[in-house]
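Quick notes on the structure that follows.
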Amino acid sequence: MHKSIIALGIESSCDDTSIGIIKIDLKDELFTAEGLTLEQMGLVTESQDKLHKDYGGVVPEIAARAHSERIDVCFKEVLEQCNLELDCIDIICVTAGPGLIGGLLSGINFAKGLAFSTGKPLIGVNHLIGHALTPQMTDSLSYPYLILLASGGHCQYLAVSGVNKIERLGTTIDDAPGEVFDKVAKMLGLPIFSGSEVEKYATKGNKNRFSFPLPLINKNDCDLSFSGLKSSVRRQVDRLVEKQSGLYLHDQRDICASFQEAMKLIFENKTKKALELFSKISSDKEMSFSLAGGVAANKTIRDSLKGLCKELNVHFSAPPIALCTDNGLMIAYAGAQIYLGGSEDNMSLSPRPRWPIDMDNQKSHGFGKRGRKV
Ligand code: KG4
Ligand code: ZN
């Protein structure tokens, strides 16, 4: 058994090319999550925001090309950052899904090249498991804990009891919240079509000017829905444009603030319900709650969930923003756990654009035309 392991993590499932290297020290002879001490060694993340900016969303073909053009550059940079040679790396971990197939292929092919040329183990990692294990990596959170993963592609409440024991308690039945933040930014004609831009405009807006709907709020579970909220913002924008032939700065700010407030209230309500469900899994232990995904970078949402946890006596932790969004370190960390648990892949590793984290869970999402949904 290794005394320590150096793991490389490659992430290219969406629009961030990110490579991380971590060293995991094993305190005990046997691997246990609590026995890990972690040392963050290096992380290089290149965002593709500028490439997709004019299209109002991620263009899969552009993303795939950019990943394959930049992945080796990021790899070289992260090795330099850590002052390491390729030989020092023990395992090669790569996101194998879910995500955009072109980006996944770029990452997997690069990882296979490294594994083949060095003879090092190759581990395909589920991107969602990477997010789900992040609070353990950053805050040494012990199992079980509840995590809200809210990003541009996903929205799920996950009860995490181990690397292979993750239960989905609730999920969005339509859009992902980050996607809706991006679309609202586009509808309003903000300079950047992103949630961070909406947050910026919201700080100077009046959150009480518009009252947007809170879908599924009265349902007694933690499934979420955002498409009705998105349509309502669309209708409000259209009404204002018709009335005054355009939007003023104060309109943009007020819509951002009111929309963000609706998002905050939805997450507050659903997190309360998710914690109720989780209390049955967590039994007598103090409950822990954490956040991940790009939307977790939103200060209003983050602070309100922190406040809710305080009120309910639940331990709250949130990873640093750079590790909430897509990154190679979370893939390295999850991959190391999978490897130490006795699994690895070989050269037949293939991308899995749809790869549910909780295969037993039939609720909400069945099968689409292209297979089981995430
Ligand atoms: O986790 P992430 O980096 O990528 C995936 O989607 O997997 O999340 C990106 C999403 C984008 O939709 C972006 O608009 C949203 O997270 N986001 C935010 C904020 N920063 C990023 N949403 C709300 N407020 C923010 N401050
Ligand atoms: Zn993600």
Side-chain angles (χ1 to χ4, degrees), residues 9-18 20 43 45-49 52-53 55-58 60 63 67 94-100 103-104 107 125-135 147-156 158 171-172 175-188 190-203 205 226 229-230 233 255-257 259-264 266-267 290-305 318-331 333-334 353 355 357 374:
I10 301 167
E11 160 58 37
S12 59
S13 64
C14 190
D15 59 346
D16 289 306
T17 313
S18 181
L43 178 64
T45 301
E46 270 196 20
S47 160
Q48 297 177 357
D49 279 357
H52 302 288
K53 185 171 127 311
Y55 303 96
V58 177
H67 285 305
V94 60
T95 303
L100 299 172
L104 294 171
V125 178
N126 182 312
H127 178 87
L128 303 173
I129 295 183
H131 277 305
L133 298 185
T134 300
I147 185 164
L148 165 63
L149 166 58
S151 70
H154 309 285
C155 190
Q156 326 199 332
L158 301 169
T171 181
T172 174
D175 298 340
E179 187 188 348
V180 177
F181 264 104
D182 298 345
K183 294 223 167 103
V184 166
K186 191 176 179 203
M187 282 175 213
L188 294 172
L190 304 190
I192 305 168
F193 303 153
S194 158
S196 52
E197 198 72 358
V198 172
E199 183 173 24
K200 212 155 84 187
Y201 275 64
T203 50
F226 300 100
L229 171 59
K230 179 181 70 184
V233 174
I255 290 177
C256 285
F259 161 73
Q260 184 178 264
E261 181 66 9
M263 278 287 192
K264 183 195 94 175
I266 292 170
F267 281 121
S290 191
L291 291 170
V295 178
N298 186 289
K299 199 170 172 324
T300 303
I301 295 173
R302 216 172 155 102
D303 287 352
S304 92
L305 296 181
I321 308 275
L323 298 181
C324 276
T325 52
D326 293 349
N327 67 87
L329 274 175
M330 70 179 191
I331 301 304
Y333 181 72
W355 188 1
I357 200 170
V374 172

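If you're wondering where the values come from, they're calculated on a predicted model, not measured in any experiment. Atoms within a ligand are numbered from 1 in the order they appear, just like the ligands themselves.
- Here Ser13 contributes atom OG and His67 contributes atom NE2; the two are 7.0 Å apart, rounded to the nearest 0.5 Å.
- Between the CD atom in Glu46 and the CG atom in Asp16 there is a gap of 10.0 Å [rounded to 0.5 Å].
- Looking at atom 24 (N) of ligand 1, its nearest protein heavy atom turns out to be Asn298 ND2, 3.1 Å.
- Short contacts between ligand 1 and Gly153, defined as distances under 4.0 Å to a heavy atom of the residue, involve ligand atoms 6 (O).
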Given side-chain contact (heavy atoms from CB on, under 4.5 Å), test Asp326 with His131 step by step and report yes or no.
CA-CA 8 Å; Asp326 293 349; His131 277 305; 3.0 Å; yes

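- In summary, of the residues considered (Asn327, Thr95, Thr325), a side-chain contact (heavy atoms from CB on, under 4.5 Å) with Ser18 occurs for Asn327 alone.
- Looking at heavy atoms from C-beta onward, Leu229 lies in side-chain contact with Ile266 at the 4.5 angstrom threshold.
- Here's the thing with Cys324: none of its N/O atoms is less than 3.5 angstrom from an N/O atom of ligand 1.
- Two residues are said to be in side-chain contact when any heavy atoms from C-beta on lie closer than 4.5 Å; Ile10 and Ile331 fail this criterion.
- For ligand 1 and Glu199, the ligand atoms under 4.0 Å from any heavy atom of the residue are 25 (C), 26 (N).
- For Ser196, the closest heavy-atom approach to ligand 1 falls below 4.0 Å.
- The ligand atoms of ligand 1 that sit less than 4.0 angstrom from a heavy atom of Gly178 are 12 (O), 14 (O).
- The shortest distance between side-chain heavy atoms of Val233 and Lys183 does not fall below 4.5 Å.
- Each of the following atoms of ligand 1 lies closer than 4.0 Å to a heavy atom of Phe181: 22 (N), 23 (C).
- Contact check for Cys324 versus Arg302: side-chain heavy atoms found under the 4.5 Å cut-off.
- Less than 4.0 angstrom separates some heavy atom of Gly293 from each of these atoms of ligand 1: 1 (O).
- Distance from atom 7 (O) of ligand 1 to its nearest protein heavy atom, with residue and atom name: Asp326 OD2, 3.1 Å.
- The aromatic rings of Phe181 and Phe259 sit perpendicular to each other, their planes meeting at more than 60°, with 30° as the lower class boundary.
- Looking at atom 10 (C) of ligand 1, its nearest protein heavy atom turns out to be Gly152 N, 3.5 Å.
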Carefully, step by step, assess Leu190 and Cys256 under the rule side-chain contact (heavy atoms from CB on, under 4.5 Å).
CA-CA 10 Å; Leu190 304 190; Cys256 285; 4.0 Å; yes

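- Taking backbone and side chain together, His131 holds an N, O or S atom under 2.8 Å from the Zn ion (ligand 2).
- Geometrically, ligand 1 and Gly294 share a nitrogen or oxygen pair separated by less than 3.5 Å.
- Near Ser151, with a cut-off below 4.0 Å to any heavy atom, the atoms of ligand 1 are 1 (O), 5 (C), 6 (O), 7 (O), 8 (O).
- The nearest heavy-atom contact from the protein to atom 12 (O) of ligand 1 is Asp182 OD2, 2.9 Å.
- For the pair OD1 of Asp326 and NE2 of His127, the angle whose vertex sits at the Zn ion (ligand 2) is 90° to 10 degrees.
- Scanning all protein heavy atoms for the shortest distance to atom 22 (N) of ligand 1 gives Gly195 CA, 3.5 Å.
- Within the 4.0 Å heavy-atom criterion, both parts of Thr325, backbone and side chain, lie near ligand 1.
- Contact check for Asp49 versus Ser194: no side-chain heavy atoms found under the 4.5 Å cut-off.
- Below 4.0 Å from some heavy atom of Ser194 lie the following atoms of ligand 1, by number and element: 14 (O).
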